[in-house]
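Quick caveat, the model's predicted, so the values are computed rather than measured.
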Amino acid sequence: MVGTEVEAFDVSSARDSKTKLTPYAATTVALAALGGLLFGYDIGVIGGCLTLDGFRATMGWPEASEECGSNQTPEPVEVSFQIGWITSAFMFGCFVASPFAGYCSDKFGRWLTVLTGTVIFFLGGALQTAATGVNLMIAGRAVSGISIGILSTTVPLYIAEVSPASMRGSLVTLQQLGITFGILVAFCVNLFVERVIGTSWDWRISLGAQCIIALFMGLGMLFMPESPRYLAWRGKVEEAKTVLRKLRGIDQEKVMMAELREIENEVSELKSQKSSWSEIFSRKIAMTMLVGIFIPTVSQFSGINAIMLYSATIFNNMCLSGIAMTAIVGVVNFLFTFIAVFLSDKSGRKPLLLTGASGMLLALVVSAIILWTVDYTVNKSAANGIVFLILFFIANYASTWGAVASWIVPSEVFPMRVRGKAIGLATMGNWLANVIVAFVTPILMRPDTAGVGGTFMFYAAFMFIAIPFVALLLPETKGVPLEEMEEKFNKPLGAHIQTNISQLCRRRTSYAQEPADPNVATEI
């Protein structure tokens, strides 16, 4: 038995050994992280295509209005709805597929699920590239969305299970970096085809580029291993040991054996745990479910995807070069994501969320006021101020809510025995919010409805709700062992709020001081 063999090793000393990231492990993680790049690219590319004349002609739409500001001619109502369907079809595909991703990864394996998701994405990208009208474009977007619903759930799991424990957190955040980098690449490709290609089929280059990324990822995954944890779960311990040896290197045998023992113990514990859907909706974990689902969902109602999907349209409305400005948005989004990577384990989750929500609320409200009260087509200072505020909004989101709300909080707060089901519900809520945002934003932005200013104020209202919610109901989860997380929420509502208020007060008076109460010693 492998368990007996492992006993021969000094497990504690093996744990303390410095684990290297071998070239094989680095390649495996990098290829899997391309799933995030595909996600970001498909989000970023469509907004620019919507403004290209060749794309609009293929969809049967009139050319984009050359006017801007208050003189702009509104899109035909039918076109606004078709734009909403094209953009939201991607999110709807994600919404439909995401609940089944966990089941597929448990049933068929992490590796095969990632590979299948990549193949589906290639097919969706090909449909979009070859589209001859609105219906085929919607179908291609929906197929790509099904792929991302699978990949966005499975890729972080796969990366976590092939990474060394000491590097797991940093490597999993490559998913978020991949998303922001994919958005940046899409914005730059759109700028290139508009300025350099400038033909009736230039948009097909933008959409076709994602097929090349998917093909590269798919071919690379053919040479990558199955997750050793999944192999151990399926009872293939010897095969898991072989994969671990390749991932960790032949010179780290003791570390590898210690990790294998931990995997076997974890698998044994998980198999002994029982959970049901009735427990998910029980009063015992009601607060946990509320926090774990609300925070990633309201993150999408911050307005981030409204800007990412329709930034070219927003800037065109402001008499600026929409596609050129989206490239700047992409750079800011990508660079500020590194702040979240470095600060989430230093400053804690709660301070980042509160700071980011406050900054986003300020940017949206002030932008809306300027749009309502100043003619920015004449007053260039006002136009520049709005651009700065939008970039300020992006910087706040990328450095706080982008990684913390979307990935970290949902992965931490749910009890171990219901984590799979609970994360599935949180993911569904996240994607449902995305569907709503993608569909309603082009309708809201019409000058004869809310306009850009009213749209910004609409999303600001959600940040106004999010700030007290985070302050009063979310405990600090940084440094709290997953096994102890349930205790943070298992209190009466009044006591739960009072504990969180006291925690905030302690942070303000002495950020670096550890509390005397051992029950909260890990919170700061």
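- Between Ser367 and Phe393, the closest side-chain pair of non-hydrogen atoms is not below 4.5 Å.
- Summarising the geometry of Met91 relative to Val435, their closest heavy-atom pair is C-CG2, 3.4 Å, with the distance given to 0.1 Å.
- Applying the salt bridge (Lys or Arg N to Asp or Glu O under 4.0 Å) test to pairs two or more places apart or on separate chains, those with a residue in residues 29-42 are Asp42-Arg141.
- The shortest side-chain heavy-atom distance between Met428 and Ser98 falls under the 4.5 Å cut-off.
- Contact check for Met137 versus Thr58: no side-chain heavy atoms found under the 4.5 Å cut-off.
- Around the CZ atom of Phe336, the shell of radius 6.0 Å holds no more than 12 heavy atoms that belong to other residues, nucleotides or ligands.
- Using a 4.5 Å cut-off on side-chain heavy atoms (C-beta onward), Gln210 and Gln128 make contact.
- Salt bridge annotation for Glu161-Arg110: present, with a cationic side-chain nitrogen under 4.0 angstrom from a carboxylate oxygen.
- Side-chain atoms of Phe100 and Thr153, non-hydrogen and from C-beta on, never get closer than 4.5 Å to each other.
- Heavy-atom contacts from other residues, nucleotides or ligands closer than 6.0 Å to CZ of Phe462 number more than 12.
- Between Ser105 and Tyr230, the closest heavy-atom pair is O-CE1, 3.5 Å.
- Under the 6.0 Å cut-off for aromatic ring centres, Trp61 and Phe81 do not qualify, their centroids lying 6.0 Å or more apart.
- Side-chain contact between Val114 and Leu151: present, with at least one pair of heavy atoms (C-beta onward) separated by less than 4.5 Å.
- Listed by first and then second residue, the side chain to side chain donor-acceptor pair (under 3.5 Å) pairs involving residues 432-445 are Gln300-Asn434, Asn305-Asn434, Asn430-Asn434, Thr441-Tyr459 (not counting sequence neighbours).
- For Phe55 and Trp203, the ring centers are positioned less than 6.0 Å apart.
- For Phe439 and Trp85, the ring centers are positioned less than 6.0 Å apart.
- Between the side chain of Lys350 and the backbone N or O of Leu474, at least one donor-acceptor pair lies under 3.5 Å.
- Between the side chain of Thr87 and the backbone N or O of Ala438, at least one donor-acceptor pair lies under 3.5 Å.
- Every residue was checked against the side chain to side chain contact (heavy atoms under 4.5 Å, CB included) condition with Pro468, not counting sequence neighbours, and none meets it.
- Side-chain atoms of Tyr397 and Ser299, non-hydrogen and from C-beta on, do get closer than 4.5 Å to each other.
- Side-chain atoms of Leu222 and Leu219, non-hydrogen and from C-beta on, do get closer than 4.5 Å to each other.
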